[in-house]
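Ligands are counted one by one from 1 in listed order, and the atoms in each one are counted from 1 as well.
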Amino acid sequence: MTIIDGKELAKQIKEEIAAEVAEIKNRDGKVPHLAAVLVGDDPASHSYVRSKVNSCNQCGFESTLIKKDDSITEDELLEIVRDLNENPDIDGFIVQLPLPNHIDEHKVTLAIDHRKDVDGFHPINVGRMTQGVDCYLPATPYGILQMLERYKIETSGKHCVVLGRSNIVGTPMSILLSRKAYPGNCTVTLTHSRTRDIREELLRADIIIAAIGIPEFVKDDMVKEGAVVIDVGINRVEDPSRKRGYRLVGDVDFDEVAEKCSHITPVPGGVGPMTVTSLLKNTLKAARKEVYS
Ligand code: GUN
């Protein structure tokens, strides 16, 4: 059994990105610039955005963090998005999700200039991804593809079962793993809350992508011997023995499942750090105008 070390892989990728940033700086005198908009006080969102900004600094990017109270109106947020769209100093930006209930996430996503949409959430980028045209891939699926590639995991002809159909992870992952490419060429089953027997589906999987948001949902009796298990979940569960009062667990019961797998990602230190490096890769592409001129 191999534990896929996302933290170490992300460190290597960040070194590669930093070297490219230094080269661009030498040549053009400018560095990639990512902006992040963070609304409200959700602790998990604050932690993710902090990690994105810190990684920018580690790689020599410029970063701008715009923090707003959750009393912000939809119009005010749309105005911030328009300003970022028009600001020539910003190469790419993200609006951290989820947004408060009174703001329509879809409207905000649509308002982002697709050329600066380094999250890959705008329908133009999603459509291009679906058709296999160059675009910004959503960060978590992009990070998972890189893990599979760098660990040389065979995907062609494999049966992949994705748990969860979110726009951010499950749905794009199912599209990317079924495309004619490496990593890809899988036969994909996308499971969700209406799936009749998730255990039965999972038992057929050579590759499991767990993105369901339920702590330790996947148990050993749901996993075939030798499966590759990618755990996207980052769930906070109460733990009074920890100083901060909680610990992080994935959607997979790691201790039960690990022994059955050929490869498995841990939580923390698996998919999470790869998501951040993928966002940086997209921002680098934006700064170089690789996808859109
Ligand atoms: N919320 C959870 N994951 C993400 C992400 O990748 N991007 C944004 N903008 N919000 C998120």
Passes side-chain hydrogen bond (donor to acceptor under 3.5 Å, both in side chains), Asn125 versus Tyr292? Steps please.
-> CA-CA 11 Å; Asn125 283 311; Tyr292 303 107; 2.6 Å; yes
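- Asp239 has a carboxylate O that lies under 4.0 Å from a charged side-chain N of Arg242, or vice versa, which qualifies the two as a salt bridge.
- The shortest side-chain heavy-atom distance between Cys56 and Leu280 falls under the 4.5 Å cut-off.
- Of the heavy atoms in Val95, only backbone atoms (N, CA, C, O) come closer than 4.0 Å to ligand 1.
- Annotation: Gln96 places an N or O atom under 3.5 Å from an N or O atom of ligand 1; distance criterion only.
- Proximity of the aromatic rings of His33 and Phe61 is defined here by a centroid distance below 6.0 angstrom, and this criterion is not met.
- Residue Thr275 places no N or O, backbone or side chain, under 3.5 Å from any N or O of ligand 1.
- Of all the atoms in ligand 1, the ones that sit under 4.0 Å from a non-hydrogen atom of Phe121 are 5 (C), 6 (O), 7 (N), 8 (C), 9 (N).
- Note: His114 and His122 have tilted aromatic rings, judged against thresholds of 30 and 60 degrees for the angle between ring planes.
- Geometrically, ligand 1 and Leu97 share a nitrogen or oxygen pair separated by less than 3.5 Å.
- With salt bridges taken as basic N to acidic carboxylate O contacts below 4.0 Å, none links Glu238 and Arg247.
- At a 4.0 Å cut-off, not a single heavy atom of Thr140 sits close enough to ligand 1 to count as contact.
- Among all protein heavy atoms, the one lying closest to atom 8 (C) of ligand 1 is Asp119 OD2, 3.4 Å.
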